[in-house]
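As structure tokens, the structure follows; a few thoughts come after it.
Protein chains get the first letters and strands the later ones, always in sequence-line order, with residue 1 at the start of each. The analysis underlying the following values was restricted to heavy atoms, covering all of them including side chains, and did not include hydrogens, waters or symmetry mates.
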Protein chains: 2
Amino acid sequence: MSVNQEKDQPRRRQARGERRIAQLLEAAATVFTTTGYTAASTNAIAREAGVSPGTLYQFFPNKEAIAIELGDRLMHEMRETYGEALAPVDPATPLEQAVGAAVDRFIAFNCEHPVFFALMHGPDIPGRITEEHDALHATLLSRIEGLLSSVLPDIRPADLSRTAHMCLGLYKAGLELVLAHEGTERDAYVQELKNALIRYLAPLVGDRLGPTH
Amino acid sequence: MSVNQEKDQPRRRQARGERRIAQLLEAAATVFTTTGYTAASTNAIAREAGVSPGTLYQFFPNKEAIAIELGDRLMHEMRETYGEALAPVDPATPLEQAVGAAVDRFIAFNCEHPVFFALMHGPDIPGRITEEHDALHATLLSRIEGLLSSVLPDIRPADLSRTAHMCLGLYKAGLELVLAHEGTERDAYVQELKNALIRYLAPLVGDRLGPTH
DNA sequence: GGCAAACACGAGAGATCGCTCGCGTTTCTC
DNA sequence: GAGAAACGCGAGCGATCTCTCGTGTTTGCC
């Protein structure tokens, strides 16, 4: 979880060092978002941060570690701030509210941290990041499955998994469109994403939580 | 459209050369699909094709040209074989049939040519390919808009565009899931994709073409 | 058969990028 | 204030990748 990696040699950081790390991670975030992970050169990250390549390697053992630390911090913040977005809901909650609240939270997070999308959806990302992404993916899927099964007790496991995958896939598609627009148009796409999810799920949950209003 | 690029010096190809080109493009397709465009090295493509690096450059001026020629041929085949998938339909056609037919055609094409998805969705692809992708994207969007407006004459232009974008986004999300599975599970995802699209569009087209059956 | 052009080879030139190293500067600790 | 450790620099090493070049082989044409 921390930046050091030399075994049991914590390398006490000064305040200046912590500042540099934050600076470098911020620079890496902008470079990763604009050029992607592989195309981003460590020299470019150092330049963006206004330091020399050598200084960068004072704090990170290699390029992958930068992405990993960035991913760790984002993942941590995501779990901390929005971890409850997919908490089990009161079965009496209307489908529209449940979907709307979850979508709003995740969209807000991704709009605040566009690098998250870039790191998680690049086809060129290295092994460790992929592992983290898969872990997050699995977590999200099981959460969604939990929500679905609480509303659909009789669903077959294979259908449950497939429906959860579809929900996540639809969300990702919508997220891409949302991030590609701004202002009121962005808000409109958020609404369309909610519509797509609600309409997709409504027939499954039946009339009880149907989209009538 | 052809491979030569030296100005007005057509470089007459022999039958052997045409065979090599096809061989190299096939090798490039497999390498691109497995490693992505940037990570794919020209030497690896040549090795996959069983020829030397020098031979590769006898037929392609650079790495980008390989991807471009591959994209051109795929694009051509796509327009030729499935260009009518989004042709204007009889307004009396049920929504389910129209969506189902279009999805089936595009899914079949992408399953036959997985490299198409890899080339079009990699974040690392070079300029020319992006242009082609954008052109295809725009074509598909206007086709979808045409279909939608023939069924929804009163829709506002902004809503029309947004709905078309959503349809294409939902399709891409479903395509990714479809390509990630095989056999009967793949078929199930195709059906889910159709469901998602139909349910998304059904409320718009009203009861006339509604999803009842 | 003989000539020119197309095809084929593979070593390596040239460029880029991740990362290191030696040395100088700042900060902490006593 | 002195010593140690953290911080900072930037030239450049080594690895990798795209693309070239000189040379040899095959094919098409008369």
Side-chain angles (χ1 to χ4, degrees), chain A residues 2-6 8-25 27-28 31-32 34-70 124-129, chain B residues 2-6 8-25 27-28 31-32 34-70 124-129:
Chain A
S2 67
V3 178
N4 60 53
Q5 73 155 7
E6 41 262 289
D8 296 335
Q9 198 153 0
R11 174 92 182 220
R12 288 182 37 220
R13 295 259 168 247
Q14 301 179 348
R16 187 174 33 153
E18 297 291 349
R19 250 181 285 127
R20 277 272 178 270
I21 290 177
Q23 202 175 114
L24 284 164
L25 287 177
V31 176
F32 285 156
T34 55
T35 69
Y37 174 78
T38 14
S41 81
T42 55
N43 286 17
I45 295 174
R47 202 181 319 120
E48 172 79 21
V51 302
S52 83
T55 298
L56 185 152
Y57 282 92
Q58 190 102 151
F59 302 101
F60 299 97
N62 52 49
K63 178 176 166 181
E64 182 175 355
I66 304 173
I68 290 179
E69 178 67 20
L70 196 54
D124 50 356
I125 42 188
R128 259 297 303 279
I129 297 282
Chain B
S2 68
V3 177
N4 60 54
Q5 75 156 9
E6 41 262 288
D8 295 337
Q9 197 151 2
R11 176 98 180 207
R12 287 179 39 219
R13 297 257 169 248
Q14 302 179 348
R16 185 173 36 149
E18 297 290 347
R19 250 181 285 125
R20 277 271 178 269
I21 290 178
Q23 202 175 116
L24 283 164
L25 287 177
V31 176
F32 284 155
T34 56
T35 70
Y37 174 78
T38 15
S41 82
T42 55
N43 286 14
I45 295 174
R47 202 180 319 120
E48 172 78 24
V51 303
S52 84
T55 298
L56 186 151
Y57 283 91
Q58 191 105 97
F59 302 101
F60 299 97
N62 52 47
K63 178 175 165 182
E64 182 175 354
I66 305 173
I68 289 178
E69 179 67 20
L70 196 54
D124 50 357
I125 42 188
R128 259 299 302 275
I129 296 283

Requested in this report: Output yes when at least one side-chain N/O atom of B/Tyr57 is less than 4.0 Å from OP1 or OP2 of D/dT20, else no.
Outcome: no

Query raised in the report: Could you give the CG-to-P distance, from B/Leu56 to D/dC21, as a whole number of Å?
Result: 16 Å

Requested in this report: Report the residues that fulfil side chain to side chain contact (heavy atoms under 4.5 Å, CB included) with A/Thr38, sequence neighbours left out, ordered by chain and then residue number.
Outcome: A/Asp124

Query - 5' priority, DNA chain D, between B/Arg16 and B/Tyr37 [closest heavy atom] - result: B/Tyr37

Requested in this report: Check side-chain hydrogen bond (donor to acceptor under 3.5 Å, both in side chains) between A/Gln23 and all other residues, then give those that pass, not counting sequence neighbours.
Outcome: A/Arg20

Query - Interface with DNA chain C, restricted to residues 40-54 of chain B and to heavy atoms under 4.0 Å - result: B/Val51, B/Ser52, B/Gly54

Query raised in the report: For A/Gln58 and A/Lys63, take the nucleotide of DNA chain C holding the closest heavy atom to each; which residue's nucleotide lies nearer the 5' end?
Result: A/Lys63

**Report entry** Short side-chain N/O contact from A/Thr55 to OP1 or OP2 of D/dC7, under 4.0 Å
**Finding:** no

Query raised in the report: Of all heavy-atom pairs between B/Ala67 and B/Tyr37, which one has the smallest distance, and what is that distance?
Result: CB-CE1, 3.6 Å

Report summary line: Counted 5' to 3', the first and last nucleotides of DNA chain C within 4.0 Å (strictly under) of a heavy-atom of chain B are C/dA6 to C/dG10

Query - Expected output: side-chain A/Thr35 to main-chain A/Phe32 donor-acceptor under 3.5 Å - result: no

Report task. Would you please name every residue forming a side-chain hydrogen bond (donor to acceptor under 3.5 Å, both in side chains) with A/Ser52, sequence neighbours left out? Result -> A/Thr55

Query raised in the report: Got A/Ile66 and A/Leu24 here, is their nearest side-chain heavy-atom distance under 4.5 Å?
Result: no

Query raised in the report: D/dG8 C1' sits how many Å from A/Phe60 CZ, rounded?
Result: 15 Å

Query raised in the report: Can you name the residues that form a side chain to side chain contact (heavy atoms under 4.5 Å, CB included) with A/Arg19, not counting sequence neighbours?
Result: A/Ala15, A/Arg16

Query raised in the report: What distance separates A/Asn43 CG from A/Glu48 CD, expressed to the nearest 0.5 Å?
Result: 13.5 Å

Query raised in the report: Under 4.0 Å between a side-chain N or O of A/Arg20 and OP1 or OP2 of D/dG8?
Result: yes

Requested in this report: Could you tell me the separation between the CZ atom of B/Phe59 and the P atom of D/dT20, rounded to a whole number of Å?
Outcome: 15 Å

**Report entry** Rounded distance (Å) that lies between atom P of D/dC9 and atom CG of A/Leu24
**Finding:** 10 Å

Requested in this report: Check whether any side-chain heavy atom of A/Leu25 lies under 4.5 Å from a side-chain heavy atom of A/Phe60, and answer yes or no.
Outcome: yes

